[in-house]
Protein chains: 2
Amino acid sequence: MIIIDYTDRRPIYEQIVERFQSLVLCGVLEKDAPLPSVRNLAMELSINPNTIQRAYTELERRGVIYAVKGKGNFVADMQAARALREKEVKEEAGRLVHKAKEAGMTKEELNGLLDSLWQDNKTGASKQGVGGEADD
Amino acid sequence: MIIIDYTDRRPIYEQIVERFQSLVLCGVLEKDAPLPSVRNLAMELSINPNTIQRAYTELERRGVIYAVKGKGNFVADMQAARALREKEVKEEAGRLVHKAKEAGMTKEELNGLLDSLWQDNKTGASKQGVGGEADD
DNA sequence: CCAACTGTACTAGTATACTTAATACAGTTT
DNA sequence: AAACTGTATTAAGTATACTAGTACAGTTGG
C-alpha cells in the first residue's frame with residue numbers, strides 16, 4: 001500500500017503523507033477506515049515509528065485523517081483532502097504558467113499539452129509512483 | 001538583479017540558478033553578456049563565493065551559461081535554456097494533471113484555471129510576438 | 001614581468017533537517 | 001493485567017547547505 005522511494009529527494013514522512021492523501025482521494029481508503037498503526041507500518045517499511053508518527057501528525061493537521069488515542073488513526077472526510085488538493089493545484093498551476101511563458105510557449109501550446117496529458121493520465125490508476133527505479 | 005529570499009525553503013544556490021535562468025529567458029541577459037564574477041556577486045549578496053560558484057556550475061551544466069577561465073561567466077544561447085524550461089514544463093504539467101484529477105476537477109475546470117492564470121501572470125518573455133490570441 | 005582580476009578545487013567546520021533509537025506515559029480492548 | 005493503540009521526549013547519527021580559508025590556473029593591463 002505504501003512504497004518509499006529512496007531516490008526521491010523528498011523526506012520519507014512527506015512521501016507517506018502524499019501517498020495516503022492520494023489513497024484517500026482515489027477512494028481506496030474510505031471514510032473512517034483505519035490506517036496501519038504507527039508501529040506496524042514502521043515495521044512493515046523497515047523505518048522508525050517516529051517517522052510514521054510525523055507523517056500521521058501532518059495528515060491530521062491537514063484534516064485528511066483523525067487520531068483516537070488507544071484506538072488508532074482513521075480516514076477523515078474526503079472533502080478536506082480534496083480541498084487541500086485543489087489548493088495545491090492552484091499553486092502549482094501558477095508556477096506552471098510562469099514557466100511555460102518563460103519557455104516561450106503560447107497559451108494554445110500549454111492547453112494542448114495539458115489536453116494530451118489528461119488523456120494519458122488515468123485518475124485511479126496505480127501510476128502514482130514516481131516511476132523509474134534506480135539502484136546504487 | 002539577484003535577490004535572495006531567506007524565507008524560501010530552497011537553498012540559496014538553487015534560487016540563484018532559477019533567477020539567472022529566468023533573466024536569460026526573459027531576454028534581460030543577452031547572449032554573451034557577462035555575469036557578475038563569483039567574488040563580486042558573493043560580496044554583493046553577502047554570501048560565500050562557494051555558493052555562487054555552485055550556482056554557476058549548475059547553470060553551466062544546464063547550458064544556460066558558459067565559463068571561461070580567467071575571464072568570467074557568460075550567457076549561452078537562449079535556446080538551450082528554453083529547451084530545458086520546456087522539459088520542466090512538461091514534467092510539472094504531468095504532476096499537475098494528476099493532482100487536478102485527484103482533486104476531482106474536470107478538464108474544463110483546469111483549463112479555466114490555467115486560462116485565468118495566464119491573464120494575471122505577466123512575463124516579459126514575449127520576445128517575438130506570440131500575441132494574437134483572442135482575449136476579451 | 002607582475003599585480004589584479006577572473007574561474008576552479010579542495011579541506012574543514014557549522015547549522016539544520018531528516019531519521020533512528022530508546023524510553024515513558026496515556027487510553028482501549030480483551 | 002497483558003497487549004494493543006497514540007503521544008511525547010531526549011539523544012544521537014547522517015546528509016545537505018552553507019561558510020571560511022587557502023591554493024592554483026588563466027587573462028588582462030600597466
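Below, all heavy atoms of this structure are taken into account, side chains as well, without hydrogens, waters or symmetry copies. Given the structure is predicted, the values throughout are model-derived calculations rather than measurements. In what follows, every chain begins at residue 1, and chains take the letters A, B, ... in the order their sequences are listed.
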For the student: nearest non-hydrogen atoms of B:M105 and A:V89, plus distance: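 So the two residues come closest at SD-CG1, 3.8 Å.
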
Heavy-atom donor-acceptor pair, A:Q15 side chain to A:R10 backbone, under 3.5 Å: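 At least one qualifying donor-acceptor pair exists.
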
Close approaches to DNA chain D from residues 39-46 of chain B, in residue order (heavy atom, under 4.0 Å):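 Correct list: B:R39.
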
Partners meeting salt bridge (charged side-chain N to carboxylate O under 4.0 Å, His left out) with A:E14 (sequence neighbours left out):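 A:E14: no salt bridge (charged side-chain N to carboxylate O under 4.0 Å, His left out) contacts found.
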
Separation of atom CD1 in A:I65 from atom C1' in D:dT7, rounded to whole Å: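 The answer, rounded to whole Å, is 13 Å.
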
Partners meeting side-chain contact (heavy atoms from CB on, under 4.5 Å) with A:R82 (sequence neighbours left out):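 Testing A:R82 for side-chain contact (heavy atoms from CB on, under 4.5 Å), a comparison that skips the adjacent residues, returns A:L25, A:M78, A:Q79.
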
Inter-residue atom distance A:I2.CD1 - A:I16.CD1, 0.5 Å rounding: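 So the gap between those two atoms works out to 7.0 Å.
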
Spacing of CG belonging to A:D5 relative to CD1 belonging to A:I12, to within rounding of 0.5 Å: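 Reported to 0.5 Å precision, the distance equals 10.5 Å.
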
Closest heavy-atom pair and its distance - B:A80, B:G63: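 That would be CB-O, 3.4 Å.
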
Pair A:V17-A:V64, side-chain contact (heavy atoms from CB on, under 4.5 Å): steps then yes or no: CA-CA 9 Å; A:V17 167; A:V64 177; over 6 Å; no

DNA chain D-proximal residues of residues 30-38 of chain A, any heavy atom under 4.0 Å: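 Only A:S37, A:V38 qualify.
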
For nucleotides 28-30 of chain D, print each protein N/O atom paired with a nucleotide N/O atom at under 3.5 Å, atom names and distance only.
residue: D:dT28; atom: OP1; partner: B:K71; partner atom: NZ; Å: 3.3

Heavy-atom pair with the smallest gap, counting every atom of B:T51 and B:Y13: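 Shortest heavy-atom contact: O-CB, 3.7 Å.
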
Nearest heavy atoms of A:L96 and B:A93, plus distance in Å: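 What the structure gives for the nearest pair is CD1-N, 3.8 Å.
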
Pairs satisfying salt bridge (Lys or Arg N to Asp or Glu O under 4.0 Å), at least one member in residues 48-76 of chain A, at least two apart: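 Passing the test, one end in residues 48-76 of chain A: A:E58-A:R61, A:E58-A:R62, A:R62-A:E88.
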
Qualifying salt bridge (Lys or Arg N to Asp or Glu O under 4.0 Å) pairs, either residue in residues 16-29 of chain B, two or more places apart: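 Salt bridge (Lys or Arg N to Asp or Glu O under 4.0 Å) check on residues 16-29 of chain B returns B:E18-B:R85.
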
Closest non-hydrogen atom pair between B:A81 and B:Q21, with its separation: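 So the minimum-distance heavy-atom pair works out to O-NE2, 4.3 Å.
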
Outermost nucleotides of DNA chain C that come under 4.0 Å of a non-hydrogen atom of chain B: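 Endpoints of the contacted stretch of DNA chain C: C:dT6 to C:dC10.
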
Could you list the donor-acceptor pairs under 3.5 angstrom formed by side chains in residues 107-117 of chain B, with sequence neighbours left out?
residue: B:K107; atom: NZ; partner: A:D115; partner atom: OD1; Å: 3.1
residue: B:E109; atom: OE1; partner: B:T106; partner atom: N; Å: 2.9
residue: B:N111; atom: ND2; partner: B:K107; partner atom: O; Å: 3.4
residue: B:D115; atom: OD1; partner: A:K107; partner atom: NZ; Å: 3.2
residue: B:S116; atom: OG; partner: B:L113; partner atom: O; Å: 2.9

Smallest separation among heavy atoms of B:N48 and B:N50, with atom names: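 That closest heavy-atom pairing would be OD1-N, 2.9 Å.
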
Any residue of residues 47-60 of chain A with a heavy atom less than 4.0 Å from an atom of DNA chain C: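 A:I47, A:N48, A:N50, A:T51, A:R54 - these, ordered by number, are the residues of the stretch whose heavy atoms sit under 4.0 Å from the strand.
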
A:E30, CD: over 12 other non-hydrogen atoms inside 6.0 angstrom: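 No, because the 6.0 Å sphere around CD of A:E30 holds 12 heavy atoms or fewer from other groups.
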
Proximity to DNA chain D (any heavy atom under 4.0 Å), residues of residues 7-16 of chain B only: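 Output list: B:P11, B:I12, B:Y13.
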
For residues 31-47 of chain B, dump all side-chain donor-acceptor pairs below 3.5 Å to protein atoms at least two apart in sequence or in another chain.
residue: B:D32; atom: OD1; partner: B:Y66; partner atom: OH; Å: 2.6
residue: B:S37; atom: OG; partner: B:N40; partner atom: N; Å: 3.0

